[in-house]
Amino acid sequence: MNEHAPLILDIAGTELTATDRRRLEHPLTGGMILFSRNWQDRAQLTRLCAEIKAVRQDLLICVDHEGGRVQRFRQDGFTHLPTMRAFGELWMRDALAATNAATAAGYVLASELRACGVDFSFTPVLDLDWGESGVIGDRAFHRDARVVSMLAKSLMHGLLQAGVANCGKHFPGHGFVKADSHTEVPVDRRSLKAILADDAAPYGWLNTTLTSLMPAHVIYPKVDSLPAGFSPRWLQDILREQLGFGGAIFSDDLSMEGARRIGGELVSYTEAAVAALNAGCDMVLLCNQSVGEGRPVDELLEGLTEAQLKGQWHGEPASEQRRMALLPVGEAAGWDELMVQPRYMQALRLLP
């Protein structure tokens, strides 16, 4: 096992090229994230996942597959999962039916992915629905942190039934700000006390259940001048020490505008990755830079290797253990077997 393989990369197409294989073989690569452009149909997706595992069995194959508008695979038999808001609305009518439906959704989501060879989805969203954020919006379960926590825990139970880990996002909360961190740097000017009482509350309540999380590319100036994903204060003092979180921490995508403005300056991908790792992230994502020649991907692999040799960041065995703990547990049912499985058929009937 590598001392620490923190990079989550992507590929441009629907099958691996020689360049893709070289990047995935790199000892600093720990996984791969799939996008809609990597999808043609289920057979192709299953082949691609098998190709990735043939390169290295320990690579974590990830995808954003929340349901609603954030669901990468939608055709060829994949269930169209409801928005998380649908479970919050059901909660207002029948709370226990909503928790049961959320567990069913988690099971459907995870078992369909695993049937094709995908290991992990960045879900659930724990952001609160303040009614202001366009980028979060109906991806959130509810405005009430207690309802969010109960529905998220139920959904994570369904993931677990299929052997899949979970990822709460975006710590300590992205729902209050209007700005989209894909294109700008949002600023949340509330006090730490206010954030901990509302948006960050689920992370404390779920610290025995969350296996990983992703910080927000948001600045909370009353707590720290750095975005949460680059802030030792947020990730180590508050998340690890105060809230008791022991799982893996992913950076959000380093190619997002909110990721590369640190201290007001636009930094390189390598500088952003080093800052995130030194702040307390276990893994860093670089997305959508493999298209074309993919020079930024190679620059990051080379830059992070050089930074490690110079002692600018240190591989952490504990981080590698947390990464490995996200790999699926147990045998996955194949697609045809899954389609007639009683638990799966019951779960489909429970979806709102």
Side-chain angles (χ1 to χ4, degrees), residues 4-10 26 28-35 59-60 62-64 120-123 125-127 135 165-174 180-186 203 210-220 224-240 245 247-263 265-290 296-297 299-301 303-305 307-308 312-316 318-320 322-323 326:
H4 186 186
L7 290 181
I8 308 293
L9 306 176
D10 62 15
H26 195 287
L28 292 184
T29 302
M32 197 183 117
I33 179 169
L34 298 168
F35 290 94
L59 290 171
L60 184 70
C62 315
V63 69
D64 280 313
F120 178 81
S121 175
F122 292 104
T123 189
V125 168
L126 298 180
D127 298 316
V135 73
N166 58 66
C167 183
K169 58 189 189 184
H170 305 82
F171 174 80
H174 201 312
D180 180 353
S181 54
H182 291 83
T183 54
E184 49 192 315
V185 187
Y203 295 91
L210 279 171
T211 44
S212 71
L213 63 75
M214 182 176 283
H217 285 329
V218 176
I219 295 173
Y220 308 85
D224 196 343
S225 61
L226 295 168
F230 301 95
S231 165
R233 172 119 166 81
W234 274 116
L235 300 185
Q236 296 178 40
D237 301 348
I238 297 169
L239 179 63
R240 293 276 191 219
F245 176 70
I249 303 175
F250 289 90
S251 80
D252 207 339
D253 175 15
L254 295 179
S255 67
M256 289 163 60
E257 182 69 20
R260 290 176 57 217
R261 287 205 176 272
I262 304 175
E265 285 186 39
L266 190 65
V267 301
S268 71
Y269 294 128
T270 298
E271 289 168 319
V274 168
L277 291 167
N278 285 335
C281 288
D282 299 296
M283 283 163 284
V284 293
L285 283 84
L286 182 66
C287 303
N288 302 313
Q289 302 304 306
S290 61
V297 180
E299 286 174 4
L300 179 56
L301 286 166
L304 204 54
T305 302
Q308 188 178 31
Q312 292 168 354
W313 73 279
H314 300 281
E316 295 288 344
S319 288
E320 184 64 6
R322 288 191 281 261
R323 181 185 76 85
L326 299 178

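These numbers were taken from a predicted model, which means no experiment stands behind them.
Of all non-hydrogen atoms in Leu254 and Phe230, the two that sit nearest each other are CD2-CZ, 4.1 Å. Here the closest non-hydrogen pair linking Gly173 and Ala216 is O-CB, 4.4 Å. Of all heavy-atom pairs between Ala279 and Gln236, the closest is O-NE2, 2.7 Å. The two residues Ile249 and Gly280 make their nearest non-hydrogen contact at CD1-O, 3.6 Å.
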**Message:** Working note: Leu59 + Thr29, criterion side chain to side chain contact (heavy atoms under 4.5 Å, CB included); need CA distance, chi angles, decisive distance, verdict.
**Reply:** CA-CA 8 Å; Leu59 290 171; Thr29 302; 4.1 Å; yes
**Asked** Please walk me through it: do Cys281 and Leu235 pass side chain to side chain contact (heavy atoms under 4.5 Å, CB included)?
**Response** CA-CA 8 Å; Cys281 288; Leu235 300 185; 3.9 Å; yes
**Request:** Please step through side chain to side chain contact (heavy atoms under 4.5 Å, CB included) for the pair Asp224 and Ile219, ending with a clear verdict.
**Result:** CA-CA 7 Å; Asp224 196 343; Ile219 295 173; over 6 Å; no
**Asked** Checking side chain to side chain contact (heavy atoms under 4.5 Å, CB included) for the pair Asp64/Lys169: CA distance, chi angles, key distance, verdict?
**Response** CA-CA 11 Å; Asp64 280 313; Lys169 58 189 189 184; 3.1 Å; yes
**Request:** Just do the salt bridge (Lys or Arg N to Asp or Glu O under 4.0 Å) check on Asp282 and Arg240 with the steps written out, would you?
**Result:** CA-CA 12 Å; Asp282 299 296; Arg240 293 276 191 219; 3.2 Å; yes
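A distance-only check finds no donor-acceptor pair linking the side chain of Asp10 to the backbone of Leu285 [under 3.5 Å]. Counting only distance, with no hydrogens or angles, the side chain of Asn278 and the backbone of Trp313 share no donor-acceptor pair below 3.5 Å. A donor-acceptor pair is defined here as one N or O able to donate and one able to accept, closer than 3.5 Å; such a pair exists between the side chain of Tyr203 and the backbone of Phe171. With hydrogens and angles ignored, the 3.5 Å screen pairs a side-chain donor or acceptor of Arg323 with a backbone N or O of Gly30.
Contact of the Cys167 side chain with the Thr123 side chain is not registered, since no non-hydrogen atoms from C-beta on lie closer than 4.5 Å. Under the 4.5 Å side-chain criterion, counting only non-hydrogen atoms from C-beta, Pro6 is in contact with Leu28. Asp127 places a side-chain heavy atom less than 4.5 Å from the side chain of His170. Met214 is not listed as a side-chain neighbour of Ser251, based on a closest heavy-atom distance of 4.5 Å or more. Contact of the Ser212 side chain with the Phe120 side chain is registered, since non-hydrogen atoms from C-beta on lie closer than 4.5 Å. Side-chain contact between His4 and Leu277: present, with at least one pair of heavy atoms (C-beta onward) separated by less than 4.5 Å.
Summarising the geometry, atom NE2 belonging to His26 is positioned 8.5 Å from atom CG belonging to Leu304; distances are rounded to the nearest 0.5 Å. Considering CD1 of Ile33 and CG of Leu286, their distance stands at 10.5 Å, rounded to 0.5 Å. Atoms SG and CZ, from Cys287 and Phe35 in turn, are 4.0 Å apart once rounded to the nearest 0.5 Å. Here the CG-CG distance, from Leu9 to Leu301, works out to 5.5 Å after rounding to the nearest 0.5 Å. Atom CG of Leu213 is separated from atom CG of Leu126 by 8.5 Å, given to the nearest 0.5 angstrom. The line from OG of Ser319 to CE of Met283 is 7.5 Å long, rounded to the nearest 0.5 Å.
Contacts of Arg233 classified as salt bridge (Lys or Arg N to Asp or Glu O under 4.0 Å), with partners at least two apart in sequence or in another chain: none. Checked against side chain to side chain contact (heavy atoms under 4.5 Å, CB included), Thr211 has the following partners two or more places apart in sequence or in another chain: Ala165, Asn166, Leu326.
Between Phe122 and Phe250, the angle of the ring planes goes over 60°, which puts this pair in the perpendicular group of the 30/60° scheme.
Gln308 and Thr305 share no donor-acceptor pair across their side chains, judged by distance under 3.5 Å alone.
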